[in-house]
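As the structure lists them, so they are numbered: ligands from 1, and atoms in each ligand from 1. Remember, predicted model here, so these are calculated numbers, not experimental data.
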Amino acid sequence: MAVDSRLCADLHCHSTVSDGVLTPQVLARRAFTQGVTLWSLTDHDEISGQTEAREAARMLGMTYLTGVEISVTWAARTVHIVGLGFDPDDRVLETGLRETRSGREARARRIGDNFARLGIPGVFEGALQYAGNPDLVSRTHFARFLVQAGHCPDVQSVFDRYLSDDGIANEPMQWTSLENAVRWIHDAGGRAVIAHPGRYHYNATQFSALFDAFKDLGGEAIEVVTGSHTPAQFIEYAAIARGYGFMASCGSDFHSPSESRHDLGSLPSLPADLTPVWDSLV
Ligand code: AMP
Ligand code: MN
Ligand code: MN
Ligand code: MN
């Protein structure tokens, strides 16, 4: 089925509930102002912003899909799986997300220790001041603190210098399995989406294995148009969606007006021949 051209969809962004800087309500207003008509808030490993987001969307007349971005470890690297359109009151999903969040504080302390060894003390405490949700300290909060403290000029430089997946101050995490994340989303009635596939540092064999494994688990979609992809990658992952029979999703992955390259609702539409992930959901 062709994309409904009346919809401007943005199905990936972050609020203060995870590592965004705007509250769900302010984000909703920004999405609306930017022309978004189908919206989802997809905080990392956390759905406590969903009620506020849905209510704000309703007041503004935007169609809303529940959302989350689950951290997964697959082949020793982190993959993000977005869930859309699930029941936010599902107990198994809530328990799974709570367990997924549970290792974050200890990991954040280890990252702080790594910075102390590099001669920069007080970084864990500094990052915590930037976390709107103490349960969800993310590398982005560390990056914001280090910029504010004058150690790097901007958030991207912190990742480049210290905190990328292979960065000298990063701490690898063992997140939940791909199987668990997809099962939690499905059992709660939602659709599972591989977020920003172009960001993962897998070789071609590993990518094929990831897409095969996701397909075998019943995974429905991949992000084709995302703020993390270049225009060439929009084309590359549209071809992957066609080849594997995946539905396609799109989202800015907006975190902050001053950090994000792409604002809410600012990306091009999905290629018209792809089935959008919201097909028959809205
Ligand atoms: P965490 O869940 O704590 O591992 O943090 C992941 C978050 O850090 C992502 O959702 C992005 O917001 C940010 N991030 C990860 N890698 C990079 C990168 N290379 N450049 C900029 N931001 C990044
Ligand atoms: Mn993030
Ligand atoms: Mn992500
Ligand atoms: Mn994201």
Quick test of your reading: applying ring pair (Phe, Tyr, Trp, His ring centres under 6.0 Å), list the pairs with at least one residue in residues 87-113, sequence neighbours left out, ordered by first then second residue.
none
Pairwise ring pair (Phe, Tyr, Trp, His ring centres under 6.0 Å) hits with a residue in residues 144-172, at least two apart:
Phe115-Tyr162
Give the table of side-chain donor-acceptor pairs shorter than 3.5 Å for residues 19-32, with sequence neighbours excluded, one pair per line with atom names and distance.
residue : atom : partner : partner atom : Å
Asp19   : OD1  : His44   : NE2          : 3.2
Asp19   : OD1  : His255  : NE2          : 3.2
Asp19   : OD2  : His44   : NE2          : 3.3
Asp19   : OD2  : Ser138  : OG           : 3.3
Asp19   : OD2  : Thr140  : OG1          : 2.8
Asp19   : OD2  : His255  : NE2          : 3.4
Thr23   : OG1  : Val26   : N            : 3.2
Arg30   : NE   : Asp263  : OD1          : 3.0
Arg30   : NE   : Asp263  : OD2          : 3.4
Arg30   : NH2  : Asp263  : OD2          : 2.9

Would you mind naming the N, O or S atom of Asp19 nearest to the Mn ion (ligand 2)?
OD2
Using the salt bridge (charged side-chain N to carboxylate O under 4.0 Å, His left out) rule, take Asp166 and Arg77 through it: C-alpha gap first, then chi angles, then the decisive distance, then the call.
CA-CA 10 Å; Asp166 303 315; Arg77 288 193 172 274; 3.7 Å; yes
Taking the inter-plane angle between the rings of Tyr200 and Phe207 on a 0 to 90° scale, is it parallel (under 30°), tilted (30 to 60°) or perpendicular (over 60°)?
tilted
What protein N/O/S atoms are there under 2.8 Å from the Mn ion (ligand 4), waters excluded?
His12 NE2, His14 NE2, Glu69 OE1, Asp253 OD1
In terms of heavy-atom contacts, does CD of Glu179 have more than 12 from other residues, nucleotides or ligands at under 6.0 Å?
no
